[in-house]
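Worksheet: one structure, shown below.
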Amino acid sequence: MSTTASDPLAALGSLPGVPEAVDSVRKAVDRVYGHRVMRRRSNEVTAEAALRGSRGSAALAGADWNLEEVRRRTDFSGEDEARTVGAALRLTAEAGQLLSIWRQSPLRVLARLHLVAAGGATPDDAVGRPRLAGEAVDEPLIEAPIPGAEEVAGRLEGLSRLIIAGGSAPALVAAAVVHGELLALRPFGSHNGLVARTAERIVLIGSGLDPKSICPAEVGHAEQGRAAYVAAFEGYTAGTPEGMAAWITHCGRSIELGVRESTAVCEALQRGAA
């Protein structure tokens, strides 16, 4: 991420195509929040969105289970895919508990998210801290060059300052940048994609765009497919205006697809079918 504007995130909001994406996302979110089911059964919609978002994030990390299998399983130990799904479920459950800390100390939240994701599967001295020089990164799907530990530390600190400072950037832009920067840095030895997508969720909740967490962007990222996700992310890492706009609009489309998923849940609840 690189820009010289005094409010860099707000500057990204004016890139070609981004204002339209921001407006489209806001309208989609407003529509699902206005659904009559949300007035009396919003907790059920939130719970279902969490489950479906977890499934989507795990799918992008290589564990593409169907929803009913995720719903049915109680044991997520054992094989790698089960541990990945379990990590995604734990992270989604944790996200809503960290909002107040996120606004004050994003790096503490990221450390906590990695701890939750690892769940004892990573050596203790590597859990919850950015990787050190020479430490390997185990990250499925993302094959972009991995920044060195010193660069990671500096860019994490810069990202933290941006989050704490706030600003006028739309929630979509802030969430996309947090997601993209964490994917680019891969600051931990494992689970970086899961952590990045959870951080995106935290931004969307904390910004007020999706306060009840019913618009799971992870669903949309998975629905658009791993190839599209990687291609859009390559736009972010390129750092060009066109590439950044492509990543932000991809994230916007993912939120809209999450909205569509939760709208279907609302309709099913209204019919008594869920």
Side-chain angles (χ1 to χ4, degrees), residues 1 50 53-63 76 80-81 83-99 101-103 105-132 135-144 146-147 149 151-153 155-160 162-163 174-206 213 216-222 226 229-230 232-233 236-237 247 251 254 258:
M1 178 186 60
S54 299
R55 193 217 72 82
S57 192
L60 288 171
F76 295 97
D80 288 346
E81 287 194 6
R83 289 199 297 270
T84 296
V85 174
L89 289 165
R90 292 192 301 272
L91 284 170
T92 301
E94 189 79 6
Q97 311 302 314
L98 299 171
L99 291 175
I101 304 173
W102 176 260
R103 298 184 185 103
S105 182
L107 300 186
R108 281 181 57 199
V109 170
L110 294 175
R112 173 62 184 170
L113 291 177
H114 186 245
L115 180 68
V116 169
T122 305
D124 289 348
D125 64 352
V127 171
R129 62 154 174 81
R131 54 189 166 80
L132 304 178
E135 290 184 336
V137 175
D138 177 17
E139 189 58 45
L141 184 62
I142 302 302
E143 298 179 352
I146 299 173
E151 181 181 351
V152 167
R155 286 172 64 176
L156 278 178
E157 185 59 37
L159 182 64
S160 176
L162 280 177
I163 294 166
V177 167
V178 167
H179 182 171
E181 190 71 354
L182 292 174
L183 272 188
L185 294 178
R186 278 148 291 166
F188 303 108
S190 62
H191 303 99
N192 290 288
L194 293 174
V195 168
R197 291 183 288 275
T198 305
E200 178 184 47
R201 175 183 283 264
I202 289 172
V203 174
L204 294 172
I205 299 170
S213 193
E218 305 96 322
V219 167
H221 288 305
R226 299 176 81 186
Y229 184 73
V230 170
F233 171 66
Y236 180 88
T237 58
W247 172 248
C251 291
S254 295

Go through Val178 and Ile202 one step at a time and tell me if the side-chain contact (heavy atoms from CB on, under 4.5 Å) criterion holds. CA-CA 10 Å; Val178 167; Ile202 289 172; over 6 Å; no
Look only at the side chain of Trp102 and the backbone of Val109, and say whether a donor-acceptor pair between them is shorter than 3.5 Å.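 Not a single qualifying donor-acceptor pair exists.
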Measure from the side-chain N and O atoms of Ser54 to the backbone N and O of Ala50, and report whether any donor-acceptor pair falls under 3.5 Å.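 Yes; at least one donor-acceptor contact below 3.5 Å.
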[X] to [Y] - nearest heavy-atom pair and separation:
X      : Y      : result
Val127 : Ala118 : CG2-CB, 4.1 Å
Gly53  : Val219 : N-CG2, 3.8 Å
Ala184 : Pro147 : O-CD, 3.3 Å
Cys251 : Ala176 : SG-CB, 3.8 Å
Phe233 : Ala144 : CE2-CB, 4.1 Å
Ile142 : Val230 : CD1-CG2, 4.5 Å

Check whether the side chains of Arg201 and Ser213 place a donor and an acceptor atom closer than 3.5 Å, and report yes or no.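 Yes, Ser213 and Arg201 have a side-chain donor paired with an acceptor closer than 3.5 Å.
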Heavy atoms, side chains only, cut-off 4.5 Å: are [X] and [Y] in contact?
X      : Y      : value
Leu194 : Leu60  : no
Glu218 : Ser254 : no
Leu159 : Leu185 : no

If the condition is side chain to side chain contact (heavy atoms under 4.5 Å, CB included), which residues does Ala58 pass it with, not counting sequence neighbours?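 Here the qualifying residues are Ala63, Thr84, Val85, Ala88.
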Reported CZ-to-NE2 distance for the pair Arg186 and His191, which is rounded to 0.5 angstrom: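 That separation rounds to 15.5 Å.
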So, using side-chain hydrogen bond (donor to acceptor under 3.5 Å, both in side chains) as the criterion, who are the partners of [X] when residues are at least two apart?
X      : answer
Asp138 : none
Glu81  : Trp65
Ser57  : Arg197
Thr237 : none

Ser190: which of Arg131, Glu139, His114 passes side chain to side chain donor-acceptor pair (under 3.5 Å):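 Result: among Arg131, Glu139, His114, His114 is the only option passing the side chain to side chain donor-acceptor pair (under 3.5 Å) with Ser190.
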Looking at Val137, Leu110, Leu183, Leu141, which one forms a side-chain contact (heavy atoms from CB on, under 4.5 Å) with Asn192? Val137
Begin from the C-alpha positions of Tyr229 and His179 and carry the test ring-ring contact (aromatic ring centres under 6.0 Å, His included) through to its verdict. CA-CA 12 Å; Tyr229 184 73; His179 182 171; 5.7 Å; yes
Pairs involving residues 86-98, ordered by first then second residue, that meet salt bridge (Lys or Arg N to Asp or Glu O under 4.0 Å) (sequence neighbours left out): Glu94-Arg112
